[in-house]
Amino acid sequence: MSVVENGSDTRELVGKRALVTGGTRGIGAAVVRHLLDAGAEVLTTARTATGAVPEGAAFVPADVRTRAGAQALAEAAQDVLGGVDVVVHNAGGAQPYEGSSAIPDEEWQDALDLNYLASVRLDALLVPGTSPTPCCSSFPAGRAG
């Protein structure tokens, strides 16, 4: 019996185009490197340009918390990659507080914008025909036939 590992040396993503949000440090940078090693063409983003962009990846600054930032990133993905085959939503975060009752409304909204709405907005922009609102899928729940 042979064991096949899903290592990055397999080059299984040659010809694929990947977008990674929050890909300049930590787990995001590791994901970018893995995708590059697997042969993908990669575009990554962060709010500001840093010197930490993994070698071989393209970079565009964008704040995915905002609709304008998601729009700019979707346009950059089209311009740089010609479309996207793989999306990794890695951007995220939260501020520490002593209990949920101490969190101000503005912080809740910021956390929702970054950790949830950023993915919803970006996906809707990258995949034509999907709804930009999480409640309304463009796919019918049931179809005759």
Side-chain angles (χ1 to χ4, degrees), residues 2-97 100 103-145:
S2 63
V3 176
V4 177
E5 292 186 28
N6 190 14
S8 60
D9 61 341
T10 63
R11 308 288 294 167
E12 66 187 301
L13 296 178
V14 170
K16 299 296 182 185
R17 303 157 302 176
L19 173 61
V20 180
T21 65
T24 60
R25 61 189 175 114
I27 293 170
V31 169
V32 168
R33 284 190 297 275
H34 188 79
L35 290 167
L36 288 166
D37 289 347
E41 185 179 1
V42 181
L43 173 65
T44 191
T45 189
R47 285 177 288 168
T48 58
T50 67
V53 177
E55 186 177 343
F59 175 82
V60 61
D63 186 351
V64 296
R65 285 182 289 202
T66 67
R67 186 173 303 280
Q71 180 69 45
L73 182 55
E75 290 171 4
Q78 185 62 41
D79 293 345
V80 173
L81 300 174
V84 176
D85 302 302
V86 177
V87 179
V88 178
H89 295 287
N90 183 66
Q95 299 296 320
Y97 285 93
S100 62
I103 302 173
D105 285 349
E106 297 80 19
E107 182 60 32
W108 281 112
Q109 186 61 56
D110 188 58
L112 285 169
D113 284 340
L114 178 59
N115 297 308
Y116 177 63
L117 291 176
S119 299
V120 171
R121 291 174 182 144
L122 189 55
D123 287 350
L125 291 164
L126 293 172
V127 181
T130 60
S131 173
T133 58
C135 68
C136 309
S137 172
S138 63
F139 302 103
R143 194 181 330 189

Exceeds 12 heavy-atom contacts within 6.0 angstrom, atom CD1 of I27: no

Using 0.5 Å steps for rounding, measure from the NE2 atom of H34 to the CG atom of L13. 7.5 Å

Residues R47 and D63 bridged, charged N to O under 4.0 Å: no

Got a sec, which residues hit salt bridge (charged side-chain N to carboxylate O under 4.0 Å, His left out) with D110, two or more places apart in sequence or on another chain? R65

With rounding to the nearest 0.5 angstrom, report the NE2 to CG distance, H89 to L122. 5.5 Å

Answer yes if the side chains of Q109 and D113 hold a donor-acceptor pair under 3.5 Å, and no otherwise. yes

For T45 and V60, indicate whether the former's side chain and the latter's backbone hold a donor-acceptor pair under 3.5 Å. yes

Okay, side chain of N90, backbone of G22: is any donor-acceptor separation there less than 3.5 Å? yes

R17 backbone acceptor or donor facing D85 side chain under 3.5 Å: yes

Given L43 and F59, is the side-chain contact (heavy atoms from CB on, under 4.5 Å) satisfied, shown in steps? CA-CA 6 Å; L43 173 65; F59 175 82; 5.6 Å; no

Can you tell if the side chain of L19 reaches within under 4.5 Å of the side chain of L73, non-hydrogen atoms only? yes

Would a distance-only check, ignoring hydrogens and angles, find a side-chain to backbone donor-acceptor pair under 3.5 Å from T21 to A91? yes

Minimum-distance pair of heavy atoms, taken over all atoms of R33 and P54: CG-CB, 3.9 Å

Full working for side-chain contact (heavy atoms from CB on, under 4.5 Å) between L35 and V20: CA-CA 9 Å; L35 290 167; V20 180; 3.5 Å; yes

Can you tell me how far apart CG (L36) and CD (E55) are? Round to the nearest 0.5 Å. 9.5 Å

Atom pair CG (L126) and CD (E75), whose distance is rounded to the nearest 0.5 Å: 11.0 Å

Which heavy atom of A58 sits nearest to which heavy atom of V80, and what is that distance? CB-CG1, 3.9 Å

